[in-house]
**Student:** 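Have a look at the structure that comes next, please.
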Amino acid sequence: VQLQASGGGLVQPGGSLRLSCAASGRVTSVNDMAWYRQAPGKRRELVAGITAGGATNYADSVKGRFTISRDNAKNTGYLQMNSLKPEDTAVYYCNAEVNYLYYTDDGAPVVGKNDYWGQGTLVTVSS
(Lines give C-alpha, C1' and ligand atoms only; values in the text may rest on other atoms or scores of the structure.)
Protein backbone atom coordinates (compact mmCIF):
# COMPACT_ATOMS: atom_id res chain seq x y z
CA VAL A 1 0.00 0.00 0.00
CA GLN A 2 1.22 3.48 -0.85
CA LEU A 3 -0.08 6.98 -0.28
CA GLN A 4 0.85 9.36 -3.07
CA ALA A 5 0.52 13.07 -2.36
CA SER A 6 0.57 15.60 -5.18
CA GLY A 7 -0.46 19.11 -6.12
CA GLY A 8 2.06 21.27 -4.32
CA GLY A 9 3.86 24.17 -5.92
CA LEU A 10 4.61 27.87 -5.86
CA VAL A 11 1.68 30.24 -5.55
CA GLN A 12 1.30 33.94 -4.83
CA PRO A 13 -0.39 35.15 -1.65
CA GLY A 14 -4.13 35.01 -2.08
CA GLY A 15 -3.87 32.17 -4.55
CA SER A 16 -5.20 28.61 -4.45
CA LEU A 17 -3.88 25.08 -4.69
CA ARG A 18 -5.51 21.67 -4.51
CA LEU A 19 -3.61 18.79 -2.99
CA SER A 20 -4.47 15.15 -3.66
CA CYS A 21 -3.65 12.00 -1.73
CA ALA A 22 -4.28 8.67 -3.43
CA ALA A 23 -4.04 5.27 -1.76
CA SER A 24 -2.91 2.48 -4.06
CA GLY A 25 -2.14 -1.19 -3.82
CA ARG A 26 -4.40 -3.84 -2.35
CA VAL A 27 -6.63 -1.22 -0.77
CA THR A 28 -10.13 -2.27 0.19
CA SER A 29 -11.16 1.00 1.84
CA VAL A 30 -9.78 4.02 3.67
CA ASN A 31 -10.82 5.08 7.15
CA ASP A 32 -9.80 8.46 8.60
CA MET A 33 -7.66 10.70 6.42
CA ALA A 34 -5.76 13.83 7.39
CA TRP A 35 -3.38 16.45 6.14
CA TYR A 36 -0.44 17.66 8.20
CA ARG A 37 2.20 20.24 7.43
CA GLN A 38 5.67 21.01 8.61
CA ALA A 39 7.31 24.37 8.09
CA PRO A 40 11.10 24.80 8.36
CA GLY A 41 12.18 24.73 11.98
CA LYS A 42 8.69 23.88 13.22
CA ARG A 43 6.89 20.78 14.39
CA ARG A 44 4.52 18.88 12.14
CA GLU A 45 0.97 20.07 12.79
CA LEU A 46 -2.48 18.83 11.89
CA VAL A 47 -4.14 20.93 9.20
CA ALA A 48 -7.40 19.08 8.58
CA GLY A 49 -8.97 15.66 9.01
CA ILE A 50 -11.92 13.78 7.58
CA THR A 51 -13.58 10.56 8.71
CA ALA A 52 -14.83 7.82 6.43
CA GLY A 53 -18.31 9.24 6.93
CA GLY A 54 -17.27 12.74 5.95
CA ALA A 55 -17.01 14.51 9.30
CA THR A 56 -14.28 17.14 9.17
CA ASN A 57 -12.10 19.14 11.51
CA TYR A 58 -9.65 21.97 10.87
CA ALA A 59 -6.84 23.80 12.56
CA ASP A 60 -7.96 27.28 13.60
CA SER A 61 -5.34 28.82 11.31
CA VAL A 62 -6.96 27.40 8.17
CA LYS A 63 -10.67 27.47 9.01
CA GLY A 64 -12.66 29.20 6.31
CA ARG A 65 -9.79 28.96 3.81
CA PHE A 66 -9.08 25.24 3.44
CA THR A 67 -11.54 22.45 2.65
CA ILE A 68 -10.81 18.76 3.07
CA SER A 69 -12.80 16.23 1.06
CA ARG A 70 -12.58 12.68 -0.21
CA ASP A 71 -13.73 10.36 -2.95
CA ASN A 72 -14.19 6.94 -1.36
CA ALA A 73 -14.63 5.24 -4.73
CA LYS A 74 -11.16 6.42 -5.74
CA ASN A 75 -9.56 6.00 -2.29
CA THR A 76 -8.41 9.59 -2.66
CA GLY A 77 -8.46 12.60 -0.39
CA TYR A 78 -8.16 16.26 -1.27
CA LEU A 79 -7.21 19.54 0.37
CA GLN A 80 -8.48 22.66 -1.36
CA MET A 81 -6.46 25.61 -0.16
CA ASN A 82 -7.74 29.12 -0.89
CA SER A 83 -6.58 32.58 0.18
CA LEU A 84 -3.12 31.22 0.78
CA LYS A 85 -0.74 33.16 3.00
CA PRO A 86 3.05 33.08 3.26
CA GLU A 87 2.69 31.37 6.64
CA ASP A 88 1.04 28.43 4.88
CA THR A 89 4.39 27.61 3.31
CA ALA A 90 5.35 24.08 4.38
CA VAL A 91 5.71 20.51 3.29
CA TYR A 92 2.25 18.98 3.38
CA TYR A 93 1.82 15.32 4.27
CA CYS A 94 -1.24 13.14 3.97
CA ASN A 95 -1.98 10.45 6.48
CA ALA A 96 -4.59 7.72 6.33
CA GLU A 97 -5.66 4.54 8.01
CA VAL A 98 -6.00 2.03 5.20
CA ASN A 99 -7.74 -1.33 5.07
CA TYR A 100 -5.87 -3.66 2.73
CA LEU A 101 -6.09 -7.23 1.49
CA TYR A 102 -3.44 -9.83 2.10
CA TYR A 103 -3.26 -13.61 2.12
CA THR A 104 -2.17 -15.98 4.82
CA ASP A 105 0.35 -18.73 4.19
CA ASP A 106 -2.46 -21.14 3.39
CA GLY A 107 -4.01 -18.72 0.91
CA ALA A 108 -6.85 -17.37 3.02
CA PRO A 109 -7.74 -13.72 2.28
CA VAL A 110 -7.53 -11.34 5.23
CA VAL A 111 -8.24 -7.64 5.54
CA GLY A 112 -5.61 -5.85 7.55
CA LYS A 113 -5.42 -2.25 8.75
CA ASN A 114 -2.46 0.08 9.04
CA ASP A 115 -1.54 3.75 9.23
CA TYR A 116 0.32 5.24 6.26
CA TRP A 117 2.00 8.53 5.37
CA GLY A 118 2.45 10.07 1.96
CA GLN A 119 5.84 11.36 0.86
CA GLY A 120 5.06 15.06 1.30
CA THR A 121 4.45 17.81 -1.21
CA LEU A 122 5.95 21.29 -0.91
CA VAL A 123 3.69 24.33 -0.90
CA THR A 124 5.41 27.69 -1.20
CA VAL A 125 3.40 30.89 -0.89
CA SER A 126 5.45 33.84 -2.02
CA SER A 127 5.29 36.85 -4.28
**Student:** Looking at W117, does the NZ or CZ of R44 lie under 6.0 angstrom from its six-membered ring centre and within 45 degrees of the ring axis?
**Tutor:** yes

**Student:** Any idea which heavy atoms bring A96 and V30 closest together, and the distance?
**Tutor:** CB-CG1, 3.9 Å

**Student:** Do Y103 and V1 land in one hydrophobic cluster if side-chain heavy atoms of ILVMFWY residues count as linked below 4.5 Å?
**Tutor:** no

**Student:** OG/S20 to CZ/R70 distance, rounded to the nearest 0.5 angstrom?
**Tutor:** 13.5 Å

**Student:** Are K85 and D88 close enough for a salt bridge, meaning some N to O gap below 4.0 Å?
**Tutor:** no

**Student:** With side-chain hydrogen bond (donor to acceptor under 3.5 Å, both in side chains) as the test, pick out the partner of N31 among T51, D115, N99.
**Tutor:** N99

**Student:** Can a cation-pi geometry be assigned to R26 and Y102, taking NZ or CZ under 6.0 Å from the six-membered ring centre and within 45° of the ring axis?
**Tutor:** no

**Student:** State which residues pass ring pair (Phe, Tyr, Trp, His ring centres under 6.0 Å) with F66; sequence neighbours excluded, sorted by chain then number.
**Tutor:** none

**Student:** Please determine whether residues Y58 and Y78 belong to a single hydrophobic cluster, defined as Ile, Leu, Val, Met, Phe, Trp and Tyr linked transitively by side-chain heavy-atom distances below 4.5 Å.
**Tutor:** no

**Student:** Would you name the heavy atoms of Y92 and A90 that are closest together and state the gap between them?
**Tutor:** CD1-O, 3.3 Å

**Student:** Report the C-alpha separation of R43 and Q38 in whole Å, then their side-chain angles, then the decisive distance to 0.1 Å, and conclude whether the side-chain contact (heavy atoms from CB on, under 4.5 Å) test is met.
**Tutor:** CA-CA 6 Å; R43 291 183 175 181; Q38 187 166 19; 5.6 Å; no

**Student:** Spell out, yes or no, whether Y93 and V123 are grouped together once hydrophobic residues are joined by side-chain heavy atoms under 4.5 Å, including indirect joins.
**Tutor:** no

